[in-house]
There are 2 protein chains.
Amino acid sequence: MIINELEIKRGLQNRGIRPSNKRVAVMKYLIENPVHPTVDEIYRDLHKSIPSLSKTTVYNTLKILVGNGAVLSLLIDDKNCRYDGFTHSHAHFICNSCGKIFDVGLKEGYNFNGTVDLKGFNVKSAHLYFSGYCELCNSLAGNCEQ
Amino acid sequence: MIINELEIKRGLQNRGIRPSNKRVAVMKYLIENPVHPTVDEIYRDLHKSIPSLSKTTVYNTLKILVGNGAVLSLLIDDKNCRYDGFTHSHAHFICNSCGKIFDVGLKEGYNFNGTVDLKGFNVKSAHLYFSGYCELCNSLAGNCEQ
DNA sequence: GTTCCTGCAAAAGCTTTGCAGAAGA
DNA sequence: TCTTCTGCAAAGCTTTTGCAGGAAC
């Protein structure tokens, strides 16, 4: 996926985030690598092309991006926090065998009215997580009950 | 809530978990304190009545209970893992202000068929998390947009 | 010049691990 | 006796913090 850096800069500015080169790089990485990477994965990959990048900056940047809604933080993997540059409404599936996290489409315009009772709560965000076995791991295991 | 220890013992045995006193105590605590406590909260409270209890044992026990489905682990609070002894299908809401976690009822028999596309996935569990402001925090803030 | 960004090193905090002793079957 | 459970201490990791130098405006 080829992303225009200028577009990313503008997107950050629209959210009131000063678009430093490193911040743009992190945002770009998340959009180009929609695999829900951990902080360490982001750092290790970007560090190759930007040797002066520190992990602290990756942490700082992600905190800002998440705080401004430019990026989602996923609490699906009990080992690490994961980050998602795709912020449109969707759910996630984590494979208990290979650990990969998959995006799962939510029906257009779907909300949880009628399925849950949220009376009295001022809801700001919703996350729907699934776990189990992905197609590949499931077939490798011979379709036997896991 | 008064829980029969014998009942808990039988419940653990039915899941193949040897019901030592400390394991029963942890399970009982989770059922009697459905506030989604952290490991540290469980440890600190139980330690008062069972001074010989160690945090290692709390960790060990929770791992076994979660592994056997007797307890749910909740990844809703980015600081700590939380535990829930109530394993029937329900969703959770975390208040961004006070940090409390609330159980949210799911419509009886509800599943996500039709709302999400899980073709190819062998789904073993689903978690639905909401965040925002609870009724009390919302009213204290004067109902202004948070 | 002032503000904000960044990196280093250290600290903090949660969780896991190894091992030895204790408890239970 | 043999297996399992438990506690202690240490280690491992992720994440946060304090501070000083540097960049941007």
Side-chain angles (χ1 to χ4, degrees), chain A residues 5 8-10 12-13 15-29 36-68 70-83 99 101, chain B residues 5 8-10 12-13 15-29 36-68 70-83 99 101:
Chain A
E5 279 196 20
I8 291 179
K9 274 193 181 178
R10 281 197 211 100
L12 295 184
Q13 282 174 321
R15 292 177 180 278
I17 303 169
R18 193 184 288 189
S20 74
N21 289 341
K22 290 175 182 176
R23 288 176 178 175
V24 171
V26 170
M27 189 71 226
K28 185 160 177 270
Y29 179 86
H36 318 93
T38 63
V39 169
D40 199 58
E41 285 162 354
I42 298 168
Y43 168 73
R44 286 208 315 263
D45 281 354
L46 285 180
H47 186 74
K48 292 172 193 162
S49 46
I50 312 174
S52 72
L53 180 70
S54 76
K55 204 180 264 191
T56 302
T57 294
V58 177
Y59 273 107
N60 286 340
T61 300
L62 288 171
K63 184 171 286 182
I64 292 171
L65 294 176
V66 170
N68 282 271
V71 163
L72 290 180
S73 69
L74 305 183
L75 298 173
I76 190 175
D77 170 359
D78 57 354
K79 302 292 177 199
N80 306 92
C81 192
R82 294 178 171 269
Y83 295 90
I101 294 172
Chain B
E5 278 196 20
I8 291 178
K9 274 192 181 178
R10 281 198 211 97
L12 295 185
Q13 283 174 319
R15 292 179 180 276
I17 302 170
R18 194 185 286 189
S20 74
N21 289 341
K22 291 174 181 177
R23 289 174 179 176
V24 171
V26 170
M27 189 71 226
K28 186 160 174 271
Y29 180 85
H36 320 91
T38 62
V39 169
D40 199 59
E41 286 163 353
I42 298 168
Y43 168 72
R44 285 208 315 262
D45 281 353
L46 285 179
H47 187 74
K48 293 173 192 161
S49 47
I50 313 173
S52 72
L53 180 70
S54 75
K55 203 180 267 192
T56 303
T57 295
V58 177
Y59 274 107
N60 286 341
T61 300
L62 288 171
K63 183 172 286 181
I64 292 169
L65 294 176
V66 170
N68 283 270
V71 163
L72 290 180
S73 69
L74 306 184
L75 299 174
I76 190 175
D77 170 359
D78 57 355
K79 303 292 178 201
N80 306 93
C81 192
R82 295 180 170 268
Y83 296 90
I101 294 172

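Protein chains get the first letters and strands the later ones, always in sequence-line order, with residue 1 at the start of each.
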Practice item. Could you tell me the separation between the CZ atom of B/Arg44 and the P atom of C/dC14, rounded to a whole number of Å? Key: 10 Å
**Study point:** Heavy-atom side-chain proximity of B/Ile42 to B/Leu62 below 4.5 angstrom
**Key:** yes
**Study point:** Distance (rounded to the nearest 0.5 Å) between A/Leu12 CG and A/Met27 CE
**Key:** 6.5 Å
Exercise for review: Verify, without hydrogens or angle tests, whether B/Thr57 (side chain) and B/Leu53 (backbone) share a donor-acceptor contact under 3.5 angstrom.
Suggested key: no
Practice item. Determine yes or no for a side-chain-to-main-chain donor-acceptor pair under 3.5 angstrom, with B/Arg82 supplying the side chain and B/Leu74 the backbone. Key: no
Exercise for review: Take the protein atom CG of A/Leu62 and the nucleotide atom P of D/dT14, then report the distance between them rounded to whole Å.
Suggested key: 15 Å
**Study point:** Spacing between A/Ile50 atom CD1 and C/dC5 atom C1', to the nearest angstrom
**Key:** 14 Å
Review point. Roughly, in whole Å, what's the span from CZ in A/Arg23 to C1' in D/dA23?
Key: 12 Å
Check your understanding: CD of A/Glu41 versus C1' of D/dT14: gap in Å, rounded?
Key -> 13 Å
Exercise for review: Round to a whole Å and report the spacing from CZ of A/Arg82 to P of D/dT15.
Suggested key: 11 Å
Check your understanding: Taking atom P of D/dT6 as reference, at what distance in whole Å does atom CD1 of B/Ile64 sit?
Key -> 8 Å
Exercise for review: Rounded to the nearest angstrom, tell me the gap between atom NE2 in A/His47 and atom P in C/dT6.
Suggested key: 16 Å
Exercise for review: Spell out protein contact along nucleotides 15-25 of chain C as letters: B when the base is contacted, S when just the sugar-phosphate is, - when no protein heavy atom is under 4.0 Å; keep the 5' to 3' order.
Suggested key: BBB--------
**Study point:** Interatomic distance, B/Asn80 atom CG to B/Glu41 atom CD [nearest 0.5 angstrom]
**Key:** 8.0 Å
Exercise for review: Please check if the side chain of A/Asn68 supplies one atom and the backbone of A/Ala70 the other of a donor-acceptor pair under 3.5 Å.
Suggested key: no
